[in-house]
Amino acid sequence: MADNVQITVVIPVYNEEKNLTVLYDRLVPVMQGLGKSYEIIFIDDGSLDNSLVILKKFAAEEQIKVVELTRNYGQHAAIMAGFSVSCGKIIITMDADLQNPPEEIPELIRVMEEGNYDVVGTIRKGRRDSFFRIFPSKIINIVARKITGVKMHDWGCMLRAYRRKVVERMISCHEHATFIPALATVFGKRITEIEVEHEERHGGKSNYPLRKLINLQFDLVASFSDFPIKLIMYGGIFLSLLGVCFGIVLAVARLAYGAVWAAEGVFTLFAILFVFVGLQFFALGVLGEYIGRIYMEVRKRPEYVIEDVHSEKGKE
Ligand code: UDP
Ligand code: MG
């Protein structure tokens, strides 16, 4: 059976107990309607609620595998863990909160097969998220387009389809802090995008507070470029030049207007100083971010650890 699976759906799950049953009820008929062999892989990313209990019940079905991770490794590492046990020729990723309607899957597959694409990305039509979630996404989409050089419009939507070879190449790369849609652009040649519906989260709340969101976006930028460091470097050079110019202006003005004027300029100098001090801290922060990542990388800790794989097939 494992060898002839045509479609694999990979779904990372972190505290989604409110959504899993509805997801299952919508996803399974869609998969059955495809008329192709399929498997659904749920990855329990160290959920603290009842998600794993619900998932284990699903695993009684032959087409469903549940990967249990030892703790919370994050959405992208969880997907990688799912990839590592997948068998399908086409692999679909999607979220568990029903923001990505399962009903879009047949269209993804159709486009991939007809166009012989390696990766089919998606653009969320009428995105149902708060302004605070959409605005950072807009910025990151622009940045991602620039640094990867791939003209994709929506990097954040995880409802995507990948060919087996792309997934295998991604697995073999053993990278920490990955951002899968961006990584796939390195390993896939023929890439396209289609529009898909976007729904409100069915239940529970987003797992991405601002802190995690910033971290994820940094994963995307830092794993593809040293742009932030360059920015600091060029910014530093520019600001130093500006500082020198200020110094010259102040010196000239002091000569022209005398010491009284210069003393009154003390506060301006302080203001400038504060700007510089702030920038230095910012620069240190960026450097720290990189050093932290190097530290993670040299420790060679596994990207994820699979505790167990629950499936009917395994029991044979
Ligand atoms: N997720 C995960 N591990 C995490 C955070 C999220 O597996 O540490 C899963 C989550 O269960 C969902 C998907 O990743 O299936 C997207 O998460 P969420 O809906 O919270 O993100 P948002 O839609 O707010 O970007
Ligand atoms: Mg969501």
Side-chain angles (χ1 to χ4, degrees), residues 8-24 26-27 40-55 58 64-86 91-102 104-105 121-141 144 154-160 176-183 196-220 303-307:
T8 299
V9 182
V10 173
I11 307 174
V13 174
Y14 182 55
N15 298 342
E16 303 281 7
E17 61 180 3
K18 294 200 180 106
N19 306 321
L20 291 174
T21 313
V22 187
L23 172 68
Y24 178 89
R26 278 175 63 180
L27 178 61
I40 303 172
I41 301 176
F42 291 98
I43 307 97
D44 176 64
D45 188 16
S47 296
L48 303 169
D49 64 0
N50 257 330
S51 298
L52 183 62
V53 176
I54 303 171
L55 290 177
F58 294 169
I64 296 185
K65 273 188 210 162
V66 174
V67 176
E68 180 185 345
L69 301 184
T70 50
R71 63 162 181 85
N72 180 246
Y73 290 92
Q75 182 185 357
H76 292 255
I79 294 173
M80 280 294 189
F83 282 166
S84 74
V85 299
S86 70
I91 292 131
I92 311 240
T93 57
M94 65 183 285
D95 289 350
D97 59 357
L98 287 159
Q99 290 201 279
N100 306 139
E104 301 278 5
I105 291 176
T122 47
I123 307 170
R124 289 168 280 196
K125 250 191 298 189
R127 195 169 161 192
R128 304 288 185 85
D129 275 317
S130 70
F131 169 79
F132 295 102
R133 194 66 187 71
I134 294 177
F135 183 69
S137 286
K138 279 223 158 74
I139 297 177
I140 209 67
N141 283 333
D154 190 354
W155 293 85
C157 186
M158 292 308 286
L159 180 61
R160 301 173 107 85
H176 290 256
T178 64
F179 193 92
I180 291 168
L183 193 62
V196 293
E197 294 294 335
H198 192 239
E199 291 176 12
E200 244 161 86
R201 188 171 238 287
H202 179 264
K205 56 179 179 15
S206 169
N207 293 305
Y208 281 101
L210 193 62
R211 176 186 59 79
K212 258 178 133 176
L213 200 62
I214 291 173
N215 208 34
L216 186 70
Q217 311 306 15
F218 207 92
D219 283 347
L220 172 59
E303 196 183 341
Y304 50 80
V305 179
I306 295 176
E307 177 70 31

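Atoms within a ligand are numbered from 1 in the order they appear, just like the ligands themselves.
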Engineer: For atom 18 (P) of ligand 1, find the nearest protein heavy atom and state the residue, atom name and distance (0.1 Å precision).
Structural biologist: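 Heavy-atom neighbour on the protein nearest atom 18 (P) of ligand 1: R201 NH2, 3.4 Å.
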
Engineer: What is the nearest protein non-hydrogen atom to atom 13 (C) of ligand 1, stated with its residue, atom name and distance?
Structural biologist: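 Among all protein heavy atoms, the one nearest atom 13 (C) of ligand 1 is D95 OD1, 3.5 Å.
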
Engineer: Quick one: CD on E200 to CG on L98, what's the gap to the nearest 0.5 Å?
Structural biologist: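 Output value for this atom pair is 12.5 Å.
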
Engineer: For atom 4 (C) of ligand 1, what is the nearest protein heavy atom, given as residue, atom name and distance?
Structural biologist: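 Answer, as residue, atom name and distance: D45 OD2, 3.5 Å.
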
Engineer: Just by modelled atom types, is the D49 backbone N or O under 3.5 Å from a matching donor or acceptor in the S47 side chain?
Structural biologist: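 Looks like no, no N/O pair under 3.5 Å.
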
Engineer: How does E16 reach ligand 1, by side chain, by backbone, by both or by neither, if only non-hydrogen atoms under 4.0 Å count?
Structural biologist: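 E16 to ligand 1: side-chain contact only, backbone stays beyond 4.0 Å.
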
Engineer: So if I count the atoms of ligand 1 from 1 in the order they appear, which ones are less than 4.0 Å from some heavy atom of A96?
Structural biologist: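 Those of ligand 1 that fall under 4.0 Å from A96 are 12 (C), 15 (O).
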
Engineer: For ligand 1, which atoms have a heavy atom of Q75 less than 4.0 angstrom away?
Structural biologist: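 So the answer, numbered in order with elements, is 1 (N), 2 (C), 3 (N), 4 (C), 7 (O), 8 (O), 13 (C), 14 (O), 16 (C).
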
Engineer: List every atom of ligand 1 that sits less than 4.0 Å from any heavy atom of V13, numbering the atoms from 1 in the order shown and giving each element.
Structural biologist: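 The atoms of ligand 1 under 4.0 Å from a heavy atom of V13 are 7 (O), 11 (O).
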
Engineer: Please confirm whether the backbone N or O of E68 pairs with a side-chain atom of D44, one donor and one acceptor, at under 3.5 Å?
Structural biologist: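 The answer is no, because no donor-acceptor pair under 3.5 Å joins these two groups.
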
Engineer: Roughly how far apart are I139 CD1 and I134 CD1, rounded to 0.5 Å?
Structural biologist: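 It is 12.5 Å, given to the nearest 0.5 Å.
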
Engineer: Report the distance from atom CZ of R133 to atom CZ of R201, rounding to the nearest 0.5 Å.
Structural biologist: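 Separation between the atoms: 10.0 Å.
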
Engineer: Could you measure the distance from the CZ atom of F42 to the CG atom of L52? Nearest 0.5 Å is fine.
Structural biologist: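 Going from the CZ atom of F42 to the CG atom of L52 covers 12.0 Å.
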
Engineer: Among the N, O or S atoms that D97 has, which is closest to the Mg ion (ligand 2)?
Structural biologist: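 Considering only N, O and S atoms, D97 comes nearest to the Mg ion (ligand 2) through OD2.
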
Engineer: Would you give the length of the straight line joining atom OG of S137 to atom CZ of R124, rounded to the nearest 0.5 angstrom?
Structural biologist: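 Rounded to the nearest 0.5 Å, the OG-CZ separation comes to 5.5 Å.
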
Engineer: To the nearest 0.1 Å, how far is atom 19 (O) of ligand 1 from its closest protein heavy atom, and which atom is that?
Structural biologist: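 Going atom by atom, the protein heavy atom closest to atom 19 (O) of ligand 1 ends up being D97 OD2, 2.6 Å.
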
Engineer: Judging by distance only, is a nitrogen or oxygen of R133 under 3.5 angstrom from one on ligand 1?
Structural biologist: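 There is such a contact, yes.
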
Engineer: Nearest protein heavy atom to atom 17 (O) of ligand 1, by residue and atom, and its distance?
Structural biologist: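 Minimum-distance protein heavy atom for atom 17 (O) of ligand 1 reads Y208 CE1, 3.9 Å.
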
Engineer: Closer than 3.5 angstrom, by distance alone: can the side chain of D97 be matched with the main-chain N or O of Q99 as a donor-acceptor pair?
Structural biologist: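 Flag set: sc D97 to bb Q99 pair under 3.5 Å.
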
Engineer: Judged by atom type as modelled, is there a donor-acceptor pair below 3.5 Å linking the side chain of S51 to the main-chain atoms of E16?
Structural biologist: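 Checking the backbone N and O of E16 against the side chain of S51, a donor-acceptor pair under 3.5 Å is found.
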
Engineer: Over 60° means perpendicular and under 30° means parallel, so classify the ring planes of F58 and Y24, tilted if in between.
Structural biologist: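 Correct class here is parallel.
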
Engineer: So, N15 side chain and L48 main chain: donor-acceptor pair closer than 3.5 Å or not?
Structural biologist: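 Such a contact is found between N15 side chain and L48 backbone.
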
Engineer: Is there a heavy atom in K205 that sits closer than 4.0 Å to ligand 1?
Structural biologist: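 In this structure, K205 fails to qualify as a contact of ligand 1 - no heavy atom is under 4.0 Å.
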
Engineer: Would you say the Mg ion (ligand 2) has N207 as a near neighbour, meaning an N/O/S atom of that residue under 2.8 Å away?
Structural biologist: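 So N207 does not bind the Mg ion (ligand 2) by this criterion.
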
Engineer: When you measure from atom 23 (O) of ligand 1 to every protein heavy atom, which one gives the shortest distance, and what is it?
Structural biologist: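 Going by distance alone, atom 23 (O) of ligand 1 is nearest to Q99 OE1, 2.6 Å.
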
Engineer: Looking only at N/O atoms, are P12 and ligand 1 under 3.5 Å apart anywhere?
Structural biologist: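 Checking ligand 1 against P12, an N or O pair does fall under 3.5 Å apart.
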
Engineer: Between N72 and ligand 1, find which residue part has any heavy-atom pair under 4.0 Å and reply side chain, backbone, both or neither.
Structural biologist: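 Side chain only.
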
Engineer: Among all protein heavy atoms, pick the one closest to atom 20 (O) of ligand 1 and tell me residue, atom and distance.
Structural biologist: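 Minimum-distance protein heavy atom for atom 20 (O) of ligand 1 reads N207 N, 2.5 Å.
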
Engineer: Donor-acceptor pair, distance only, cut-off 3.5 Å: does the side chain of E197 make one with the backbone of E104?
Structural biologist: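 Not at all, since once roles are kept as given, no pair shorter than 3.5 Å links the two residues.
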
Engineer: Who's the nearest protein heavy-atom neighbour of atom 24 (O) of ligand 1, and how far?
Structural biologist: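 Ranked first by proximity to atom 24 (O) of ligand 1 is S206 OG, 2.5 Å.
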
Engineer: Under 4.0 Å, heavy-atom basis, I'd like to know which part of K212 is in contact with ligand 1: side chain, backbone, both or neither.
Structural biologist: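 The part of K212 near ligand 1 is the side chain, not the backbone.
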
